[in-house]
Amino acid sequence: MDLYEHEARALFEERGIPVPRAEVTDSPQEARVMARRLGGSVVVKAQVKTGGRGKAGGVRLATDPAEAERTARRILGKDIKGHPVRKVMLAQPVDIESEFYVAYVLDRAAGRFLAIASAEGGTDIEEVAAVRPEAVARIPVDPAEGVTSAKAGEIAEAAGLPPQTVDVLVRLWEVLVGQDAVLVEVNPLVRTRQGHILALDGKVTLDDNARFRQSRWGAETIAHDDPLEAAAAAKGLNYVKLDGEVGVIGNGAGLVMSTLDVVAGCGARPANFLDIGGGASAQVMADGLTVILSDPAVKSVFVNVFGGITACDAVADGIVRALDEVRLTKPLVVRLDGNNASRGRAVLDERAHPLVQQATTMDGAVRRAAELANAG
Ligand SMILES: Nc1ncnc2c1ncn2[C@@H]1O[C@H](COP(=O)(O)OP(=O)(O)OP(=O)(O)O)[C@@H](O)[C@H]1O
Ligand SMILES: [Mg+2]
């Protein structure tokens, strides 16, 4: 799970990493009061869990409290890459001399962490990494040894960061370990004209497998994320939101993953995916379809079921039940194969809904769903 910038900022502050003074709100009027408290001029920042907020107009300087209110109102109405802005953070502006990039990220393949750092941080770090990879230092970190002052010195030197960043590098590692995080990123870490080092932006990704021992970020943190993910989780469904147009429902992680690949291979992009799991009942199918259809980005839905433990006629019953519960406004392509497939197909044939089509092969079904998504 990703944390919001303001949550990451709170963790940094607790570990003694210098951050600008800041407050969070969902109200433009309150933003005006906060700006006054923070000294008048503030940077208003959209709190959404996606990168590139600045370039999308989600980070703006307001020079007085009245402007802070107007700016907050404008940013709170925004949608940044499919993420509605529900809160803004107001931060004291700092006088930046230089911007750096620092991150610790889990390197699963190598079984250790990687420190990534650059003296050329800021909003164009992706371009720096692509065009001049030598400007980005990558230093392996052994999780058992961690980031000592000596290790931090090595990272800072390799990246060309000033020596004052060493202390921050050690404390960032402490944040990572303390939170069971798989990613801690600061972009930018800045040096001000007054010579202070400050973390101006933060991203922290927690290890979901460690959630049982991290009670701090509870259900409300997750619920705030994506209302559909929260609705799906409440029904015990495994639903993940993606950026495309084709809704994907399948049974079993392997089939769902390969379905996503095939959708991409047909020139379409999955909007989301939902794994109804093995032995799924009609109710699970109906719940799943309801969730997928409520995603406004979905233009067509592909239901791909290979019946093993799950019987295809139960899936078909679920689809029929969902058709009674929700008004289908988007085309549905269904491919049923395996256990009780012919009975399942017969159930759908009998219902004969104009927006439901059946296909016998996965490739054929995906092509159809992609065509429908591109046409819609
Ligand atoms: N408190 C601040 N004072 C002055 N400038 C700031 C402040 N916060 C952010 N900025 C400027 O705005 C830029 C973008 O801010 P930030 O990195 O928080 O947003 P971002 O666009 O989300 O970045 P990312 O692409 O990493 O998500 C920073 O690189 C910095 O130059
Ligand atoms: Mg940033």
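The first residue in the sequence is number 1, and the count goes up from there. Counting starts at 1 for both ligands and their atoms, in listed order.
Closest protein heavy atom to atom 8 (N) of ligand 1: Lys45 NZ, 3.6 Å. What sits closest to atom 21 (O) of ligand 1 on the protein, heavy atoms only, is Gly54 N, 2.6 Å. When hydrogens are left out, the protein atom nearest atom 13 (C) of ligand 1 is Thr123 CG2, 4.1 Å; that is the closest non-hydrogen contact. Looking from atom 30 (C) of ligand 1 to the surrounding protein, the closest heavy atom is Glu99 OE2, 3.0 Å.
Here's the thing with Gln92: one of its N/O atoms is less than 3.5 angstrom from an N/O atom of ligand 1. Remark: ligand 1 and Val59 share no N or O pair separated by less than 3.5 Å (distance only, no angle test). On a distance-only criterion, Pro93 and ligand 1 share no N/O pair closer than 3.5 Å. Residue Ile96 places no N or O, backbone or side chain, under 3.5 Å from any N or O of ligand 1.
Leu198 CG to Arg191 CZ: the interatomic distance, rounded to the nearest 0.5 Å, is 12.5 Å.
Selection from Arg53, Glu185, Lys55, Arg60 by nearest heavy atom to atom 19 (O) of ligand 1 gives Arg53. The option with the heavy atom closest to atom 10 (N) of ligand 1, from among Leu200, Val94, Val19, is Leu200. With Val48, Asp201, Val43 as candidates, the residue nearest to atom 2 (C) of ligand 1 on a non-hydrogen basis is Val43.
Contact check for Arg351 versus Asp324: side-chain heavy atoms found under the 4.5 Å cut-off. For the pair Tyr4 and Arg9, the minimum side-chain heavy-atom distance is 4.5 Å or more. Put simply, the side chain of Asp201 reaches to within 4.5 Å of the side chain of Lys45, judged on heavy atoms. With contacts defined as side-chain heavy-atom distances shorter than 4.5 Å, the pair Phe302/Val262 does not qualify. Between Val168 and Pro18, the closest side-chain pair of non-hydrogen atoms falls below 4.5 Å. Residues Asp180 and Leu206 are not in side-chain contact: their nearest non-hydrogen atoms beyond the backbone lie 4.5 Å or more apart. Side-chain contact between Arg15 and Leu11: absent, with no pair of heavy atoms (C-beta onward) separated by less than 4.5 Å.
Near-neighbour remark for the Mg ion (ligand 2): protein N, O or S atoms under 2.8 Å are Asn187 O, Asp201 OD2; waters not counted.
Salt bridge status for Lys330 with Asp295: absent, with no side-chain N to carboxylate O gap under 4.0 Å.
The backbone N or O of Gly178 sits less than 3.5 Å from a side-chain atom of Gln214, completing a donor-acceptor pair.
Residue Leu169 comes nearest to Val102 through the heavy atom pair CD2-CG1, 3.9 Å, listed as atom of the first residue, atom of the second, then distance.
Atoms of ligand 1 lying under 4.0 Å from any heavy atom of Gly52, numbered from 1 in the order shown and given with element: 21 (O), 24 (P), 25 (O), 27 (O). The distance from ligand 1 to the heavy atoms of Pro188 drops below 4.0 Å at these ligand atoms: 17 (O), 28 (C), 29 (O).
Counted within 6.0 Å of CZ on Arg343, heavy atoms from surrounding residues, nucleotides or ligands total 12 or fewer; the atom is thus considered open.
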